[in-house]
Each structure stands twice: as C-alpha cells, then as structure tokens.
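We use all heavy atoms of the structure for the numbers below, so side chains are in, but hydrogens, waters and symmetry mates are not. Just so it is clear, the structure is predicted and the values come from calculations on it, not from any experiment.
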Amino acid sequence: MSRSKKSNTTEEMAKEEQSAFQDIINVFCSTTEEEEMRALFDDLFTASEVKDLITRWLLMDDLYKGKPQREIAEARKLSLCKITRGSKMLKKEDGFMHRLLSERYDDHLHI
C-alpha cells in the first residue's frame, strides 16, 4: 500500500472515530431515564469497565474531599500516576469534575 493510501485510511479512521464519539455523546445526552441508562451501560460496557468507572468516580470524590493521595492509592489499589491525573483535573477550576463536585458539596470542601 502506498504511503498516501495509508495516510488517507488513517485520516478516514480518525474521522470515523470522531463521528462515533459524537454519536456516543448524543446517545448519552438523550438518555434521560435511569432504567434506560442502566440498560445502555449493561450493553455498552463490560463489568470490568463499569468497575473502572466506579473506581475513577470514587477517586475523584476522595480527592475532592481532601484525602491524601497515598491513602487513596493504598485503599483503592491505584497507582499514584492515576491519582495525580485526577488531582490535576480537579485543580482546573473551570473543569467539569471540579464544578460538579463543588456543586454537590456546596463548595464547603473547596480545593
């Protein structure tokens, strides 16, 4: 395969992936019933992937509440690298997770 055909294929795949990601966002945005969302998660994610989502959610909650990173790492069996990434996300005051958790806790635990 020539270099230009390979490049076009890569570009086409990237466009297809972007389109698919937008489709996923649209489906999540249109799913307003809890039962439907659970069914979507059951169909779309493996049990392991759901567990990873839950762990990430709990990590962000722990960080927002001010738990020490090493304590989180030990309790949740996570690498410090994953925890540091979460910490960086929460430090972005205009970030979605920061805003979400701030609203949830009425910002009385503000980082």
Side-chain angles (χ1 to χ4, degrees):
M1 186 179 281
S2 73
R3 186 176 186 111
S4 75
K5 282 187 180 181
K6 204 181 248 188
S7 177
N8 286 342
T9 302
T10 302
E11 289 173 20
E12 288 170 5
M13 288 178 66
K15 286 179 184 177
E16 181 182 42
E17 288 171 359
Q18 288 173 348
S19 177
F21 184 66
Q22 187 60 51
D23 285 344
I24 293 166
I25 297 295
N26 292 341
V27 168
F28 274 82
C29 286
S30 70
T31 307
T32 58
E33 299 297 321
E34 183 178 338
E35 197 171 300
E36 287 180 351
M37 187 65 76
R38 285 183 183 279
L40 176 60
F41 270 54
D42 286 344
D43 288 351
L44 196 57
F45 301 112
T46 66
S48 177
E49 290 167 333
V50 170
K51 186 176 188 292
D52 288 345
L53 285 170
I54 292 167
T55 300
R56 170 120 351 134
W57 182 265
L58 292 170
L59 160 66
M60 299 302 286
D61 197 60
D62 287 345
L63 286 167
Y64 192 84
K65 290 177 179 176
K67 288 187 181 175
Q69 290 188 18
R70 292 193 185 280
E71 184 181 310
I72 297 169
E74 186 176 319
R76 304 252 181 240
K77 309 291 187 247
L78 296 171
S79 70
L80 287 173
C81 183
K82 280 188 180 181
I83 296 168
T84 299
R85 181 179 181 274
S87 180
K88 285 179 182 178
M89 286 191 313
L90 283 179
K91 287 180 181 172
K92 294 188 301 184
E93 290 191 20
D94 62 340
F96 184 83
M97 283 301 295
H98 179 89
R99 188 176 67 239
L100 178 81
L101 292 170
S102 177
E103 290 170 4
R104 171 174 278 195
Y105 295 114
D106 297 323
D107 213 17
H108 68 280
L109 297 173
H110 181 72
I111 295 177

task = Drop me the distance from F96's CZ to L101's CG, to the nearest 0.5 angstrom.
result = 9.5 Å

message = Show the nearest heavy-atom pair for residues L63 and I83, with the distance to one decimal.
response = CD1-O, 3.7 Å

Spacing of CE belonging to M37 relative to CG belonging to L44, to within rounding of 0.5 Å = 10.5 Å

ask   = Under 4.5 Å between side-chain heavy atoms, hopping through other hydrophobics if needed: is there a path connecting M60 to I54?
value = no

ask   = Taking NZ, NE, NH1 and NH2 as the nitrogens, is one of them in E34 or R38 under 4.0 Å from a carboxylate oxygen of the other?
value = yes

task = Answer yes or no: does atom CZ of R76 have more than 12 heavy-atom neighbours from other residues, nucleotides or ligands under 6.0 Å?
result = yes

inquiry  = Show, in sequence, the C-alpha distance, side-chain angles and deciding distance for E36 and L40, and conclude whether the side chain to side chain contact (heavy atoms under 4.5 Å, CB included) test is met.
reply    = CA-CA 6 Å; E36 287 180 351; L40 176 60; over 6 Å; no

message = Using the rule that Ile, Leu, Val, Met, Phe, Trp and Tyr join whenever any side-chain heavy atoms are under 4.5 Å apart, tell me whether L53 and M97 fall into a single cluster.
response = no

Heavy-atom side-chain contact between F45 and D52 under 4.5 Å = no

ask   = Is L100 reachable from L59 through a run of hydrophobic residues whose side-chain heavy atoms are each under 4.5 Å from the next?
value = yes

ask   = Run the salt bridge (charged side-chain N to carboxylate O under 4.0 Å, His left out) check on K65 and D61 step by step: do they pass?
value = CA-CA 6 Å; K65 290 177 179 176; D61 197 60; 3.0 Å; yes

request  = Please report the shortest heavy-atom distance between E71 and K67, naming the atom on each side.
outcome  = OE2-CD, 4.1 Å

message = Is there a path of hydrophobic side-chain contacts, each under 4.5 Å between heavy atoms, that joins V27 and I25?
response = no

key: Contact check, side chains of L80 and R70, non-hydrogen atoms, under 4.5 Å   = yes

ask   = Which class fits the ring pair Y64 and Y105: parallel under 30°, tilted 30 to 60°, perpendicular over 60°?
value = parallel

Polar side-chain atom of E49 near backbone of T46 as donor-acceptor pair, under 3.5 Å = yes

ask   = Does atom CZ of R85 have more than 12 heavy-atom neighbours, drawn from other residues, nucleotides or ligands, at distances under 6.0 Å?
value = no

ask   = Looking only at atom types and distance, does a side-chain atom of T55 sit under 3.5 Å from a main-chain N or O of K51, one as donor and one as acceptor?
value = yes

task = Treating Ile, Leu, Val, Met, Phe, Trp and Tyr as nodes and any side-chain heavy-atom pair under 4.5 angstrom as an edge, say whether F41 and L58 lie in one connected cluster.
result = yes

query = How long is the gap from CD on E12 to OG on S19, to the nearest 0.5 Å?
reply = 13.0 Å

